[in-house]
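Shown next, in structure tokens, is the structure this report addresses.
Counting from 1, the numbers follow the sequence of the chain as shown.
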Amino acid sequence: MTSSLPTLQNLIRRDAESYKDDFAVQYEYLKSKITLFFVSPSSELNDEISELIMFVSHCLKCYPIYHEEFPKMLEDLIRKHNSILPSELRLVICKSLIILRNRDLYQPVQLMKLFFELLGCPDKILREMLKLHIITDIRNINLKNSNNKMNRAIQAFIHTMLFKASPVAAKIAIQIMIELYKKHVWNDAKTVNIIADGCLSTNNKIMVAALSFFLSNDPKNNEDDGNSSEEENKKEKSKKISTMVRAAGITKKAKNKMKKLERARLILRKEVKKKRAPEGSFLAIHLLNDAQTFSEKLYKELGRLNDKFEIKLMVMQLIARVVGIHQLFLFNFYPYLQKYLSHSQVHCTKILAAAAQASHALCPPDVIEPLLKHIANTFISDHQTNDVMAVGINSVREICFRCPLAMEKDLLQDLAQYKKHTDKGVSMAARSLISLFRTINRTMLTKVDQGKPGENWVEDGPSNYGASKALEAIPGIEFLNSSSDEEGEEEEGEETAEPGEKRKRLSSTSSNN
């Protein structure tokens, strides 16, 4: 019976009503084969069932009677007997469900939930296929207009999967969320907060995936990782257009060739405009709902982590970035960083960068002052190498740029003496620290280092802790007024020039007559 399935499928597409009974026979035959498979499974039955399932899924659109029964039968089959079914039959059932979804015979939310449950199966090929289908299906649904109802349902289901599903399924769910965020399909606050919950997972693989998303997410580099094929196609198009332009300069200029060239140039101009158009992309850290509690929970996770120092370093970097961007208060974090700040530490530069990112203007100077002194004592001394000293002075400068009140006068004057050091890197770092305090508070420097008064001279010095200066006017508004006056003068000149030009034209026409 299965040998005639391709011909029967072709005949049903041409005339469905005439072959209605034949389809019903094949459908009942499929049911009987499935029941027989559970009694005595064999490879021959596996092949027959897979062929019948694909046949029914392709022809089901012609018979609305089976629209509800057949998808439900496949769903129950793969959900209840997932561990018993062979991998080939499991793949065929998922492919048939995808065919039914593409023909609007199966609800997308129901299929997504089923596929997310199947992500925990040990079949790697099936997991990759399900992941690819979920990403493409959600992207196609939100291509023209975003379907908020469906998005919220799937996002809520993924959020429950992070803590209840298997580790493999939870990791793939996080990867799907990250991929959809990078493709600008789900770039809302709810997606970011679900990924943020993944940073607090007990499984290290899920935690690393979520942490790497927040640490690598940058508006300059926030592009699609999976669009390499599209970029290659664009490069090939540009190459073809360049060859067409060269050929047009050498060969004869026919009308058809010139039309093709103009069309190709229009396509190139549109692509350049798309690249130049500013995208409304922001750091994902800005979309966190409650950044203070999130940073506190991450700080508690630091005490739990004892596996790898690299994971602990990623958590420290994320805490520092969240604290610095949102200007949070996490006073215990600075002494914790101080424990790992030593010149013998392999990742000392990353920890110094985290200390600089975590400091901000709203942080009390008494909290950051011990951190500055520790950096000066461990990194900036004569018995250290020149590179270590330069790194220490540069890190002190970055911290003082964000929180200038944390620096003491004696410590600053001691560090300023390194401007005469024999090593160029150390002397340049010290000079950059001096130039910073010339603009912030030059009274802390010696008279020699204060320099001559100029445009950047600040007599008042930095404001006290927590004080804010109210602006009397918008900075740079005088440039707008000057530009508007110049435009007005140009318009007046054009208006006065118009009647004179008209007179010249009239006089020229009269002389010709």
Side-chain angles (χ1 to χ4, degrees), residues 1-2 4-35 37 46-82 85 88-119 121 126-154 157-158 176 180 185:
M1 291 182 76
T2 55
S4 62
L5 287 179
T7 56
L8 182 59
Q9 181 180 339
N10 190 14
L11 293 169
I12 287 170
R13 286 180 179 177
R14 293 179 181 180
D15 190 5
E17 288 295 327
S18 301
Y19 296 94
K20 187 177 180 180
D21 297 333
D22 296 330
F23 180 81
V25 169
Q26 295 292 340
Y27 189 75
E28 294 296 327
Y29 183 64
L30 172 63
K31 284 184 178 180
S32 63
K33 285 289 180 183
I34 289 170
T35 53
F37 178 78
N46 184 15
D47 296 336
E48 288 183 12
I49 290 168
S50 60
E51 288 179 7
L52 285 166
I53 286 170
M54 293 303 292
F55 165 74
V56 174
S57 61
H58 280 290
C59 300
L60 192 69
K61 195 173 183 180
C62 303
Y63 304 104
I65 307 167
Y66 305 99
H67 282 184
E68 294 181 0
E69 185 183 354
F70 181 66
K72 194 175 181 181
M73 183 180 74
L74 291 180
E75 183 182 349
D76 295 337
L77 179 64
I78 198 165
R79 184 169 280 168
K80 293 178 182 177
H81 309 286
N82 182 21
L85 291 173
E88 295 85 4
L89 186 57
R90 209 185 296 137
L91 268 172
V92 169
I93 293 169
C94 291
K95 285 179 182 177
S96 64
L97 288 171
I98 291 168
I99 291 166
L100 297 176
R101 163 69 194 97
N102 293 333
R103 296 179 181 180
D104 295 329
L105 300 176
Y106 199 56
Q107 292 182 358
V109 179
Q110 195 173 356
L111 184 64
M112 295 286 177
K113 289 180 179 179
L114 176 64
F115 280 1
F116 273 115
E117 291 175 5
L118 292 174
L119 287 173
C121 67
L126 180 66
R127 289 200 304 267
E128 290 293 328
M129 188 189 75
L130 297 179
K131 179 185 172 183
L132 182 64
H133 171 72
I134 290 166
I135 293 168
T136 52
D137 197 14
I138 293 171
R139 191 178 183 182
N140 292 331
I141 289 167
N142 297 289
L143 194 61
K144 294 180 180 179
N145 295 315
S146 58
N147 193 349
N148 293 324
K149 188 178 180 181
M150 191 209 72
N151 291 337
R152 286 171 187 169
I154 297 170
F157 185 74
I158 292 172
I176 289 167
L180 290 170
V185 180

What side-chain donor-acceptor pairs closer than 3.5 Å can you find for residues 52-63, not counting sequence neighbours?
{"residue": "S57", "atom": "OG", "partner": "I53", "partner atom": "O", "Å": "3.1"}
{"residue": "S57", "atom": "OG", "partner": "M54", "partner atom": "O", "Å": "2.8"}
{"residue": "H58", "atom": "ND1", "partner": "R103", "partner atom": "NH2", "Å": "3.4"}
{"residue": "Y63", "atom": "OH", "partner": "A16", "partner atom": "O", "Å": "2.7"}
{"residue": "Y63", "atom": "OH", "partner": "Y19", "partner atom": "O", "Å": "3.3"}

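- One finds the CG atom of L30 at 9.5 Å from the OG1 atom of T35 (value rounded to the nearest 0.5 Å).
- Across N147 and N142, no two heavy atoms sit closer than the pair N-OD1, 2.8 Å.
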Taking distance alone, no hydrogens or angles, what donor-acceptor pairs closer than 3.5 Å link side-chain atoms of residues 104-116 to residues at least two apart or in another chain?
{"residue": "D104", "atom": "OD1", "partner": "R101", "partner atom": "NH1", "Å": "3.4"}
{"residue": "Y106", "atom": "OH", "partner": "E75", "partner atom": "OE1", "Å": "2.7"}
{"residue": "Q110", "atom": "NE2", "partner": "E75", "partner atom": "OE1", "Å": "3.0"}

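- H81 meets the ring pair (Phe, Tyr, Trp, His ring centres under 6.0 Å) test with F38; sequence neighbours excluded.
- Residues L119 and R127 approach most closely at O-CD, 2.9 Å, considering heavy atoms.
- Scanning all heavy atoms of the two residues, the minimum distance from L85 to L77 falls at CD1-O, 3.9 Å.
- With sequence neighbours left out, the side chain to side chain contact (heavy atoms under 4.5 Å, CB included) criterion links E69 to Y27, K31, Y66.
- The distance from atom CG of L180 to atom CD1 of I134, rounded to the nearest 0.5 Å, is 9.5 Å.
- Heavy atoms from other residues, nucleotides or ligands lying under 6.0 Å from CZ of R79 number more than 12.
- In this structure the side chain of L126 reaches within 4.5 angstrom of the side chain of M129, judged on heavy atoms.
- Around CG of D76, the count of heavy atoms belonging to other residues, nucleotides or ligands within 6.0 Å exceeds 12.
- Taking K33 as the reference, Y29, E48 meet the side chain to side chain donor-acceptor pair (under 3.5 Å) condition, with sequence neighbours excluded.
- Across every non-hydrogen atom of S96 and I93, the tightest pair is OG-O, 2.6 Å.
- No more than 12 heavy atoms of other residues, nucleotides or ligands lie within 6.0 Å of NZ in K95, so this atom counts as exposed by the packing criterion.
- Partners of D47 under the side chain to side chain donor-acceptor pair (under 3.5 Å) rule, at least two apart in sequence or in another chain, do not exist in this structure.
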